[in-house]
Asker: 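Structure incoming, see below.
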Amino acid sequence: EIAGACVLLASKVEEHRRGLKEISKACAMVAMKGNPQSEPGVVEKWQRLLKNREILVLESCCFDLDITHPYMYIDTLAMEYGIPVFIAKSAMAHVNDSMRSPICLLYKPEVVAVAALYFAMSIHKWSFSECIFDSRLVKLPANARREAEACIVDILDFYSSEAKTEKEVFKQQQQRLQQQQQQQKARKALLH
């Protein structure tokens, strides 16, 4: 219920607007294991639940929906330190990737930005200046270096787990393809 309310609220705050009815249907599908029609009125029930839980979520975050993303800090730091555009874009790609993980909940956006820039600079073998942690334009926490390093470890862990998942999916696809090919051969043998 809370997750559905969070999705509803996020759809109002972020770029991808979804209506209450659409989100309620999706929640009903999950709750009813893919068959919301099995119970009459389930979508309407979810609409009422989501409206009630949305208030609870708003109260929990003190009605503060001003979301700050790391992208703004990446742009600011790149301009302040003359970091090339391709490195800033690479850092933004790492931020995009990390949005599928809890990283954005574990670290402040400015720390994620510094970590993503540091990571992008390392990947592109661009010399890194320690002064990025002493930015005059971006207020970083006192332990920014330590937090950025921990964030980079989390980004690497995320990429590692994604790669393992992709390998497993690839293996499964290969096995299915081989089975289909064997079935086709067996059918051809029966026909001849």
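We count residues from 1, following the sequence as given.
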Asker: Do Y71 and N96 have side-chain N/O donor and acceptor atoms under 3.5 Å apart?
Answerer: yes
Asker: Indicate, with yes or no, if V153 and I103 share a hydrophobic cluster defined by side-chain heavy-atom contacts under 4.5 Å among Ile, Leu, Val, Met, Phe, Trp and Tyr.
Answerer: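 Each belongs to a different hydrophobic cluster.
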Asker: Does any part of the side chain of F133, heavy atoms only, come nearer than 4.5 Å to the side chain of V114, both counted from C-beta?
Answerer: yes
Asker: When you look at CZ of R136, are more than 12 heavy atoms from neighbouring residues, nucleotides or ligands closer to it than 6.0 Å?
Answerer: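 Open: at most 12 neighbouring heavy atoms sit under 6.0 Å from CZ of R136.
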Asker: Taking the side chain as every heavy atom from C-beta outward, state whether D75 and M92 have any pair of such atoms under 4.5 Å apart.
Answerer: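 Yes, at least one pair of side-chain atoms sits under 4.5 Å.
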Asker: In Å, rounded to the nearest 0.5 Å, how long is the span from CD1 of I132 to CE of M121?
Answerer: 4.5 Å
Asker: Check the hydrophobic clustering (I, L, V, M, F, W, Y; side-chain heavy atoms under 4.5 Å; chains of links allowed) and say if I123 and Y159 are grouped together.
Answerer: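 Yes; Y159 is reachable from I123 via cluster members.
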Asker: Side chains of E59 and I55: closer than 4.5 Å at any heavy-atom pair?
Answerer: yes
Asker: To the nearest 0.5 angstrom, please state how far the CG atom of L106 sits from the OG atom of S101.
Answerer: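 Going from CG on L106 over to OG on S101, the span is 7.5 Å.
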Asker: L50 versus E1: any side-chain heavy-atom pair under 4.5 Å?
Answerer: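 With C-beta onward as the side chain, the pair stays apart.
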Asker: Measure the spacing between CD of Q182 and CG of L177 and express it to the nearest 0.5 Å.
Answerer: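 Here the interatomic distance stands at 10.0 Å.
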Asker: Got C104 and V112 here, is their nearest side-chain heavy-atom distance under 4.5 Å?
Answerer: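 Side-chain contact under 4.5 Å: no.
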Asker: Where is the tightest heavy-atom contact between P109 and H69, given as atom of each residue plus distance?
Answerer: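 Of all heavy-atom pairs spanning P109 and H69, the closest is CB-C, 4.0 Å.
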Asker: Quick check: closest heavy atoms across L8 and R18, and the distance to 0.1 Å?
Answerer: CD1-O, 4.5 Å
Asker: Give me the atom names and distance for the closest heavy-atom approach of Y81 to S135.
Answerer: OH-CA, 3.1 Å
Asker: In Å and rounded to the nearest 0.5 Å, what is the NZ to SG distance from K45 to C27?
Answerer: 11.5 Å
Asker: What's the spacing between L117 CG and S122 OG if we round to 0.5 Å?
Answerer: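 Between L117 CG and S122 OG, I get 10.5 Å after rounding to 0.5 Å.
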Asker: For the CG atom of D97 and the CE atom of M99, what is their distance to the nearest 0.5 Å?
Answerer: 10.5 Å
Asker: Checking S24 side chain against L20 main chain: does a donor-acceptor pair fall under 3.5 Å?
Answerer: yes
Asker: When you group the ILVMFWY residues by side-chain heavy-atom contacts below 4.5 Å and let the links chain together, are I23 and V30 in the same group?
Answerer: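 No: no chain of side-chain contacts under 4.5 Å links V30 to I23.
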Asker: Within a strict 4.5 Å, meaning less than it, do heavy atoms of the D154 and Y107 side chains meet?
Answerer: yes
Asker: Do you know which two heavy atoms are closest between A113 and I74, and how far apart they sit?
Answerer: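 Looking at all heavy atoms of both residues, the closest pair is CB-CG1, 3.7 Å.
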Asker: Side chains of E110 and P70, heavy atoms from C-beta outward: is any pair under 4.5 Å?
Answerer: no
Asker: Any salt bridge linking K108 with E147? Criterion: basic side-chain nitrogen under 4.0 Å from a carboxylate oxygen.
Answerer: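 Salt bridge: no.
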Asker: Where is the tightest heavy-atom contact between I2 and V57, given as atom of each residue plus distance?
Answerer: CG2-CG2, 4.2 Å
Asker: List the atom of P141, the atom of V111, and the distance in Å for their closest heavy-atom pair.
Answerer: CG-CG2, 3.8 Å
Asker: Say whether M72 and M79 are linked into one hydrophobic cluster, either directly or through other cluster members, by side-chain heavy-atom distances under 4.5 angstrom.
Answerer: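 Different clusters.
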Asker: Would you say that Y118 contacts R145 through its side chain, given a criterion of any heavy-atom pair below 4.5 Å between the two side chains?
Answerer: yes
Asker: If you apply the rule side chain to side chain contact (heavy atoms under 4.5 Å, CB included), what do you find for Y73 with T68, and how did you get there?
Answerer: CA-CA 9 Å; Y73 297 115; T68 305; 3.5 Å; yes
